[in-house]
There are 2 protein chains.
Amino acid sequence: MRGMLTFQILWELGKEPLNGQQIADRIAERRGTKPTPGTIYPALKDLEERGLIQGEKSGRQKVYTLTDAGKKGLNDSAKYFHQAFGDIAEECRIIVLKTGGCD
Amino acid sequence: MRGMLTFQILWELGKEPLNGQQIADRIAERRGTKPTPGTIYPALKDLEERGLIQGEKSGRQKVYTLTDAGKKGLNDSAKYFHQAFGDIAEECRIIVLKTGGCD
DNA sequence: TATCATGTATTGGATATCCGATACATTTAA
DNA sequence: TTAAATGTATCGGATATCCAATACATGATA
């Protein structure tokens with residue numbers, strides 16, 4: 001689904017400033033697989049060009065933060081996520097609690 | 001993100017048997033935009049070939065249901081969804097309740 | 001019966017996501 | 001000082017997702 005990678009990047013940056021690999025690590029913690037540089041950096045570049053995030057070079061690192069536009073975008077995305085998946089998430093939580101089947 | 005369309009199709013079919021357009025309508029209710037036939041039918045075909053769903057022709061309709069393998073797949077996917085997005089969903093819910101910003 | 005509506009199915013093209021490989025830069029450790 | 005580690009960045013190719021257009025089939029309505 002389009003927009004999920006973007007949403008996840010914004011989400012993690014909504015928590016704290018991070019560099020590219022830290023973002024990838026965070027996503028890996030959730031998904032079980034780590035996005036490769038070929039995935040992360042073009043996406044970060046795109047978000048930067050769209051003005052949603054900004055990167056500050058610091059030695060070999062580039063630490064990214066949300067811009068104000070990025071915060072707004074994240075907020076809107078959060079609402080969309082809730083609308084689209086809120087009930088699914090709740091039911092998945094229950095499924096996990098029950099460690100049971102799905103019927 | 002890969003797998004979301006598949007997951008959403010399985011999710012809706014986990015509720016009840018549906019035809020292609022009904023599935024698309026359900027997804028539209030969540031996302032605000034309805035997947036086109038070019039999106040839905042190849043995906044359904046793929047799921048059928050993978051043995052996760054089966055379609056029963058009935059006049060001009062083809063009603064799809066989950067196979068046992070499909071139910072297992074959905075169950076696994078639900079657990080994955082919870083792992084990857086459970087806390088995000090909870091926080092998005094709170095954001096919507098507060099109708100506030102994200103900081 | 002003809003027309004319209006609804007549903008399935010495919011195709012071509014676009015695009016977001018993704019990987020692996022490669023290159024470069026900076027920092028850290030030996 | 002050299003080697004290793006870490007981080008950024010790009011590229012080419014693959015693939016899931018997606019759209020619009022087209023075609024066909026069936027059912028409902030006029």
Checklist entry - So which one's nearest nucleotide on DNA chain C is more toward 5', A:Gly3 or B:Tyr41? => result B:Tyr41
Pairs under 3.5 Å (N/O, protein and nucleotides 28-30 of chain D):
none

Checklist outcome for this item: dist A:Arg93:CZ -> B:Gln83:CD (nearest 0.5 Å) comes out at 15.5 Å
Checklist entry - How far apart are the closest heavy atoms of B:Ala24 and B:Ile40, and which atoms are they? => result CB-CG1, 3.8 Å
Checklist entry - Roughly how far apart are A:Leu44 CG and A:Ile23 CD1, rounded to 0.5 Å? => result 4.5 Å
Checklist entry - Once you round to the nearest 0.5 Å, how far does CZ of B:Arg50 lie from OG1 of B:Thr67? => result 10.5 Å
Checklist outcome for this item: Side-chain contact check for B:Thr39: nearest option of C:dT17, C:dT8, D:dC18 is D:dC18
Next on the checklist: At less than 4.0 Å, is any side-chain N or O atom of A:Lys57 found next to OP1 or OP2 of C:dT26? Yes or no.
Outcome noted: no
Checklist entry - Which distance, rounded to the nearest 0.5 Å, do you find between the CD of A:Glu16 and the CZ of A:Arg26? => result 4.5 Å
Next on the checklist: What is the distance, to the nearest angstrom, from the CD atom on A:Gln61 to the C1' atom on C:dA25?
Outcome noted: 13 Å
Next on the checklist: Between B:Phe81 and B:Phe7, is the ring centroid distance below 6.0 Å?
Outcome noted: yes
Item to check | Length of the line joining B:Met4:CE and D:dC18:P, which is rounded to integer Å | outcome: 9 Å
Checklist entry - Within this structure, what is the NZ-to-P distance between B:Lys62 and D:dG27, rounded to whole angstrom? => result 16 Å
Checklist entry - Contacts to DNA chain C from residues 23-37 of chain B, heavy-atom cutoff under 4.0 Å, which residues? => result B:Pro37
Checklist entry - Atom CD of B:Gln54 to atom C1' of C:dT8: distance rounded to whole Å? => result 18 Å
Checklist outcome for this item: A:Gln21 CD to C:dT27 P, in whole Å, measures 17 Å
Next on the checklist: If I take atom NZ from residue A:Lys45 and atom OH from residue A:Tyr41, how far apart are they, to the nearest 0.5 angstrom?
Outcome noted: 13.5 Å
Next on the checklist: Should the side chain of B:Arg2 and the base of D:dT15 be counted as holding a donor-acceptor pair, with the cut-off at 3.5 Å?
Outcome noted: yes
Checklist entry - Which heavy atom in A:Gly55 sits nearest to a heavy atom in A:Glu48, and how many Å separate them? => result N-OE2, 3.1 Å
Checklist entry - Rounded to whole angstroms, how far apart are CE on A:Met1 and P on D:dT17? => result 11 Å
Checklist entry - From B:Leu52 CG over to B:Asp46 CG, what is the distance, rounded to the nearest 0.5 angstrom? => result 8.5 Å
Checklist entry - Considering only D:dC18, C:dT10, C:dA9, which nucleotide approaches the side chain of B:Leu5 most closely? => result D:dC18
Next on the checklist: Over all strands shown, is B:Gly38 touching base, sugar-phosphate only, or nothing at heavy-atom distances under 4.0 angstrom?
Outcome noted: base
Checklist entry - Whole-Å distance between C:dA9 P and B:Asp46 CG? => result 14 Å
Next on the checklist: Tell me the interatomic distance from B:Lys45, atom NZ, to D:dC18, atom P, rounded to whole angstroms.
Outcome noted: 19 Å
